[in-house]
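Only this structure's heavy atoms are used, side chains among them; waters, hydrogens and symmetry mates stay out. Every chain is numbered from 1 and lettered A, B, ... according to where its sequence line falls, protein lines coming before strand lines. These numbers come from a predicted model, not from an experiment.
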2 protein chains.
Amino acid sequence: MNAGRTARERARAELTEEIKNEARRQLRIEGPAALSLRAVARELGMVSSALYRYFRNRDELLTALITDAYRALGAAAEQAVATVPAEDHRDRWRACWHAARDWAVAHPHEYALIYGSPVPGYHAPGDTIAAARRLVLVLLGVLRDGHAAGRLRPLARVKLPGGLAGQLDALIAEFAPELSRELFARLLSAWTQLFGAISFELFGHYVGSVDPSADFFAYLIEDLADQVGLPA
Amino acid sequence: MNAGRTARERARAELTEEIKNEARRQLRIEGPAALSLRAVARELGMVSSALYRYFRNRDELLTALITDAYRALGAAAEQAVATVPAEDHRDRWRACWHAARDWAVAHPHEYALIYGSPVPGYHAPGDTIAAARRLVLVLLGVLRDGHAAGRLRPLARVKLPGGLAGQLDALIAEFAPELSRELFARLLSAWTQLFGAISFELFGHYVGSVDPSADFFAYLIEDLADQVGLPA
DNA sequence: ACTCCTAGAGAGCAGTGATCTCGATATAGA
DNA sequence: TCTATATCGAGATCACTGCTCTCTAGGAGT
């Protein structure tokens with residue numbers, strides 16, 4: 001793994017990781033606005049200016065944390081789905097969403113970093129949008145498998161507003177030519193719905209209604225599984 | 001309106017409003033993290049310490065902006081619904097959601113303040129949760145009217161996870177004893193869905209899929225109207 | 001006319017992100 | 001093995017922030 005890397009390079013990579021870890025630790029306590037380069041440096045026993053050898057500025061550190069978070073969330077979903085037999089399509093759907101929600105609950109501040117309001121000065125490098133896509137691709141994979149196995153209940157045809165049909169067609173052509181517009185629309189809808197629910201839960205909007213919201217979340221997962229045509 | 005208020009009180013109220021307006025102006029440009037009391041004071045031609053006569057600290061100013069935002073969003077929804085004849089239930093549903101989305105698009109930073117990640121040091125005073133409820137209450141009103149007029153298609157009975165049924169019953173008892181669990185679950189679900197969609201749109205998560213997302217949003221509104229049983 | 005109280009000014013403190021310079025040192029090439 | 005180079009971290013510094021304190025001018029209420 002480390003073959004061909006000089007001691008310096010390894011040290012640099014390690015320290016970079018330590019900086020991010022310490023930053024994550026601070027994030028866990030106070031949230032992104034309170035993340036202070038100086039405090040991170042202090043905790044690591046160095047001086048703040050040294051930190052600029054590793055990250056050009058505060059935003060760059062935050063961006064690194066953001067892409068890491070996308071990666072972690074994507075990995076959690078992929079792993080969860082991988083543990084379920086490929087032919088249990090609905091269970092895979094469930095596994096993916098529960099993994100996403102569990103990860104979010106376990107890392108609320110990192111979740112807020114990626115699905116909360118964008119931090120000031122965010123530039124969404126191409127890096128992050130690829131990482132962000134992973135979770136949707138996992139779900140899409142589940143649906144494609146289900147479709148290929150002929151285990152997807154066909155969806156009723158729906159009237160789609162003008163521009164939407166074209167947007168869906170473009171996505172279909174790029175990602176899953178065998179699927180229908182209706183299914184794709186429902187996938188996007190489910191994706192929106194569940195991240196909406198996770199956000200509402202974590203950001204406190206369910207306080208006073210369905211809080212704690214584990215059961216409501218489970219209800220949504222089943223409901224949306226039905227809507228995309230996954231058989232019980 | 002101003003009867004019985006001394007000149008001093010009026011001046012104070014006016015300046016308070018000016019401070020909030022200037023703060024909103026800065027919010028529009030840079031986001032909440034960049035909101036600076038000193039900059040606000042500077043722009044208003046006073047010194048920063050004077051500002052503390054009006055707001056105890058930065059968080060208190062932000063909290064004021066948050067409750068204002070909830071109020072504005074709630075008012076926008078109420079007005080939109082009020083312009084539609086009471087018997088056009090589905091149109092009222094549409095009007096409410098379109099008003100919410102339009103307001104969010106017109107005030108993205110204020111939207112982020114209330115539906116993005118909670119700002120550090122948020123304490124969600126009781127004030128805000130009442131204001132936050134207004135929009136849901138508008139929707140609930142639309143559904144109650146529809147139900148009272150017998151114009152709501154009955155919903156299929158659904159199996160609800162253990163705790164959820166109890167939570168829904170409590171809400172039903174408090175807000176609308178005549179409605180069914182299924183309808184309430186769908187209302188919460190629609191609420192989640194549409195704010196999820198607004199957030200995804202504003203925070204850039206639809207880039208590369210359904211962006212611009214006006215049509216997708218319209219699709220969701222119709223879909224959810226169907227799901228809560230509003231007849232076309 | 002007298003007090004009282006409030007709004008605002010100004011100085012100051014501790015903390016922040018960021019930049020620059022300057023030695024120390026590990027690396028790489030001869 | 002010796003040396004030139006690139007990297008790293010320290011320290012000082014700048015402009016900025018939120019916030020507190022003290023002080024004064026002047027309007028409000030008696």
*Could you list the residues that satisfy side-chain contact (heavy atoms from CB on, under 4.5 Å) with B:Glu222, not counting sequence neighbours?*
B:Arg90, B:Arg94
_Sequence-distant partners of A:Phe217, ring pair (Phe, Tyr, Trp, His ring centres under 6.0 Å), two or more places apart_ = none
*Applying side-chain contact (heavy atoms from CB on, under 4.5 Å), name anything that partners B:Ala132, two or more places apart in sequence or on another chain.*
B:Tyr70
*Mind checking ring pair (Phe, Tyr, Trp, His ring centres under 6.0 Å) for A:His98 and listing every partner two or more places apart, or none if nothing turns up?*
none
*In B/S/- notation, 5' to 3', how is nucleotides 18-30 of chain D contacted by protein heavy atoms closer than 4.0 Å?*
BBBB------SS-
*Results of ring pair (Phe, Tyr, Trp, His ring centres under 6.0 Å) for B:His109 - residues two or more places apart only*: none
*asked:* For D:dT17 and B:Arg42 - does any side-chain N or O of the residue sit under 4.0 Å from the phosphate oxygens OP1/OP2?
replied: yes
*Span of DNA chain C in contact with chain B (heavy atoms, under 4.0 Å)*: C:dT6 to C:dG12
*What pairs with B:Arg71 under side-chain contact (heavy atoms from CB on, under 4.5 Å), at least two apart in sequence or on another chain?*
B:Thr67, B:Asp68, B:Arg134
List the atom pairs, with distances to 0.1 Å, where a side-chain N or O of residues 163-172 of chain A and a protein N or O form a donor-acceptor pair under 3.5 Å, not counting sequence neighbours.
residue, atom, partner, partner atom, Å
A:Gln167, NE2, B:Pro212, O, 2.8
A:Asp169, OD1, A:Arg181, NE, 2.8
A:Asp169, OD2, A:Arg181, NE, 3.4
A:Asp169, OD2, A:Arg181, NH2, 2.7

*Who pairs with B:Ala80 by side-chain contact (heavy atoms from CB on, under 4.5 Å), at least two apart in sequence or on another chain?*
B:Ala95, B:Ala99
*Could you list by number each residue of residues 17-24 of chain B showing a heavy-atom separation from DNA chain D of less than 4.0 Å, or answer none if no residue does?*
none
*Pairs touching residues 183-194 of chain B that satisfy salt bridge (charged side-chain N to carboxylate O under 4.0 Å, His left out), sequence neighbours left out*: A:Asp223-B:Arg186
